[in-house]
Structure formats: C-alpha cells, structure tokens
Amino acid sequence: MNRDMVSKFNPEILMELVSRLVSTLVGKEVMLTNGRFGTNIMIDPYNPHKALLKTGTEIIDLRMEKEWQFE
C-alpha cells in the first residue's frame, strides 16, 4: 500500500488487520536469501520483514542480519 492509501484508513483498524495477518505467519517455514530455512517464531507488526527465526538450534534476528531477507 502506498502512503496515500494508508492515510485514508482508520489507524486502529489498519493495525488490527496487520496484526492478524502477521500472526498467521508465526510458525511458518521460510527460506532466506542465503539459502537457509527457518521457522518464524516472532514477527513485529511494525516491521514484518525483520522477524525472529529458529533454524535448528539457532535463533536468527533479521533486525541484526541486515544482508539476509525472506526469499
């Protein structure tokens, strides 16, 4: 959505929608641009492309791993 469209919606309703959409992604497996796979364990609704992932025994915080993204 572009900024003009977002400003036309009630912010409380829009955040509730985003929160519900993001919550459906928790527990889903994803692939990163480095070829690794992980499971979403927490997603920030304000920054959904920077999640916490579990890969085997490791936790990856995409907020800290700037070069990696969802494939």
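Heads up: numbering here begins at 1 and tracks the sequence.
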Quiz item: Got L62 and L32 here, is their nearest side-chain heavy-atom distance under 4.5 Å?
Solution: yes

Practice problem: Taking all heavy atoms of I60 and all of E65, pick out the closest pair and write down the distance. | Solution: CG2-CG, 3.9 Å

Self-check item: Test item: L53 and N40 side chains (from C-beta on) under 4.5 Å apart, heavy atoms
Solution: yes

Quiz prompt | Reported CG-to-CZ distance for the pair L52 and R63, which is rounded to 0.5 angstrom | solution = 6.0 Å

Self-check item: Neighbour count above 12 (heavy atom, 6.0 Å) for E12 CD
Solution: no

Self-check item: Donor-acceptor under 3.5 Å (S19 side chain, E16 main chain)
Solution: no

Quiz prompt | Nearest heavy-atom neighbours spanning I41 and V26 | solution = O-CG1, 3.9 Å

Practice problem: Quick one: pull up CG in L25 and OG1 in T39 and give me the separation to the nearest 0.5 Å. | Solution: 12.5 Å

Quiz item: Honestly curious: do M42 and I59 fall in one hydrophobic cluster under the side-chain, below-4.5 Å linking rule?
Solution: yes

Self-check item: Note: E58-R36 ion pair, threshold 4.0 Å (strictly below)
Solution: yes

Quiz item: What is the minimum heavy-atom distance between G38 and T55, and which atoms define it?
Solution: CA-CG2, 3.6 Å

